[in-house]
2 protein chains.
Amino acid sequence: MARIAAEPLRRAEIVQATIQEIGLAGTLEVTVAQIAKRAGVSAALAHHYFGSKEAIFLAAMRHVLAIYGAEVRGALATAHEPRARIEAIVRVSFSSTNFRREVIAAWLNFYVLAQTMPEARRLLEIYRRRLHSNLTHDLRPLVGARAGAVAEGLGALIDGVYLRQALRQRAPDRQAAAQLVMGCLEAELAQGMPA
Amino acid sequence: MARIAAEPLRRAEIVQATIQEIGLAGTLEVTVAQIAKRAGVSAALAHHYFGSKEAIFLAAMRHVLAIYGAEVRGALATAHEPRARIEAIVRVSFSSTNFRREVIAAWLNFYVLAQTMPEARRLLEIYRRRLHSNLTHDLRPLVGARAGAVAEGLGALIDGVYLRQALRQRAPDRQAAAQLVMGCLEAELAQGMPA
DNA sequence: GTGGATTAATTGACTCGTCAATCAAGAAAC
DNA sequence: GTTTCTTGATTGACGAGTCAATTAATCCAC
């Protein structure tokens, strides 16, 4: 062996730098050199560890999705009432970790990435399905057969709020964003079970 | 003078080709050569008429927004009841002209474009503001002071449905999409005026 | 009408920059 | 002295934008 394991550290640094660069540029048109520079390494090293630019993007995506997933799991672990669980998911979606400039820009660009990279599409599909499944599960006791449709709506709404935030110049207003989705949830819950 | 005016025709063809290429690629990473080839002209001609790739993208964007705007105006012209007007806007948003593969992909990428091009951002802002204004106007008599918030929600939801459709492989289901948004609208209207 | 003059339309070939990916070699740990 | 870590230099491809040249329609003077 030689040296302490630098690989995991470097990989993490490069992934972080990738998210930051995408956030700063607002685009996937970021060069490996830029990413590497921000990570404090050479472009060659980034290629050495990841093999390709695509792989770097995928790693960044996995990271963002992993963080989100972990937070959701954490929040759900301590919420037991259906209503509270749904609110927990919404709150995590607009937490300070996830609902911030770079990450929002990253999400937007991941959707673009998914247009050309099957693996990226697959990752987003997993996120979408899990969100849908979580929401449906806890909506069932509240709105019965409408659970699926309402879950679909909430999911789309969350994505829409992200998309629109990407357009804004101002810093994300987590409170307002969460409130907006909660309002819609409120209205749907008031509808109750289907007639 | 010389020849019949070919310029407007060519411009339109190039704009069409641009939307198609973006739709096909799912990305803004399309070459001017590709666009020109699809339009049946040389890349040099595209540059001649538009000056730059950015200008081509902006023209494509203006075209998509103009079509959408025109359809909305048309639909609103024959709807007078608030409820009918709101439904008209939703229906247009998921009309066969707007809610189809290429145009959806184009929208997604226009959001990315807006991250770097102020003019693109401006155009999307105008779309957003007009939608918000239209919805708020007709929501006022139905939900009173909540009109603004509900309009914001509906707008975000529509954008979200577009975003999610961009991820799907299947052809867009206009009926289902419109139904989803209508369902949310329904729930919000049932809430009525704020207490 | 007719034949240049004028002007728009159109393009192939070229330039110049950029960037992903490679490689061979150097530095540093153990 | 072996292995990992790291990089500068290089390559090869690609693509936006330019330009000079060609084509062809229309006008006008006669």
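All values below were derived from every heavy atom in this structure, side-chain atoms included, with hydrogens, water molecules and symmetry-related copies excluded. Below, read A as the first sequence line, B as the second, and so on, with proteins coming before strands; counting in each chain starts at 1. Predicted model, so just to flag it, every value in this text is computed and none were measured.
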Examine dA9(C): is either OP1 or OP2 under 4.0 Å from a nitrogen or oxygen in the side chain of Y49(B)? Give yes or no. yes
Each nucleotide N or O in nucleotides 19-21 of chain D that has a protein N or O under 3.5 Å away: list the pair and distance.
none

Touch check for F50(B), heavy atoms < 4.0 angstrom, all strands: base, sugar-phosphate only, or nothing? nothing
Selection residues 51-89 of chain A - residue pairs positive for ring-ring contact (aromatic ring centres under 6.0 Å, His included), sequence neighbours left out: Y68(A)-Y127(A)
Atom CG of L45(B) and atom C1' of dT11(C) are separated, to the nearest Å, by 8 Å
A correct 5'-to-3' footprint of nucleotides 16-21 of chain C, with B, S and - meaning base, sugar-phosphate only and no protein heavy atom under 4.0 Å, is ---SSB
My understanding is that only residues two or more places apart in sequence, or in another chain, count here; which of them pass side chain to side chain donor-acceptor pair (under 3.5 Å) with Y111(A)? D159(A)
Given DNA chain C, 5'-ward residue of the pair G40(B) and H48(A), judged by closest heavy atom: G40(B)
All pairs passing salt bridge (Lys or Arg N to Asp or Glu O under 4.0 Å) where residues 29-57 of chain B contributes a residue, at least two apart: E21(B)-R38(B)
Mind running a 4.0 Å heavy-atom check of residues 10-28 of chain B against DNA chain D and sending the residues that fall below it, in number order? none
Across all chains, not counting sequence neighbours, the side chain to side chain donor-acceptor pair (under 3.5 Å) partners of Q34(B) are none
Can you give each donor-acceptor pair under 3.5 Å made by side-chain atoms of residues 139-157 of chain A, sequence neighbours left out, with the distance rounded to 0.1 Å?
unit_1, atom_1, unit_2, atom_2, d
R146(A), NH1, G192(A), O, 2.7
R146(A), NH2, E188(A), OE1, 2.4
E152(A), OE1, H132(A), NE2, 3.4

In short, salt bridge (Lys or Arg N to Asp or Glu O under 4.0 Å) pairs touching residues 127-137 of chain B with sequence neighbours left out are E125(B)-R128(B), E125(B)-R129(B)
Ring pair (Phe, Tyr, Trp, His ring centres under 6.0 Å) partners of F110(A), counting only residues at least two apart: none
CD1-NE2 distance between I86(B) and H137(B), expressed to the nearest 0.5 angstrom: 10.5 Å
Can you measure K37(A) atom NZ to dT7(D) atom P for me and round it to whole angstrom units? 14 Å
pair L124(B)-M61(B): side-chain heavy atoms closer than 4.5 Å: yes
Going by atom type alone, with no hydrogens or angles, which donor-acceptor pairs under 3.5 Å involve a side-chain atom of residues 40-51 of chain A and a protein atom two or more places apart or on another chain?
unit_1, atom_1, unit_2, atom_2, d
S42(A), OG, L45(A), N, 3.2
H47(A), ND1, A43(A), O, 3.4

Which residue pairs pass the salt bridge (Lys or Arg N to Asp or Glu O under 4.0 Å) test with at least one member in residues 100-119 of chain A, sequence neighbours excluded? R62(A)-E119(A), R100(A)-E102(A), E119(A)-R122(A)
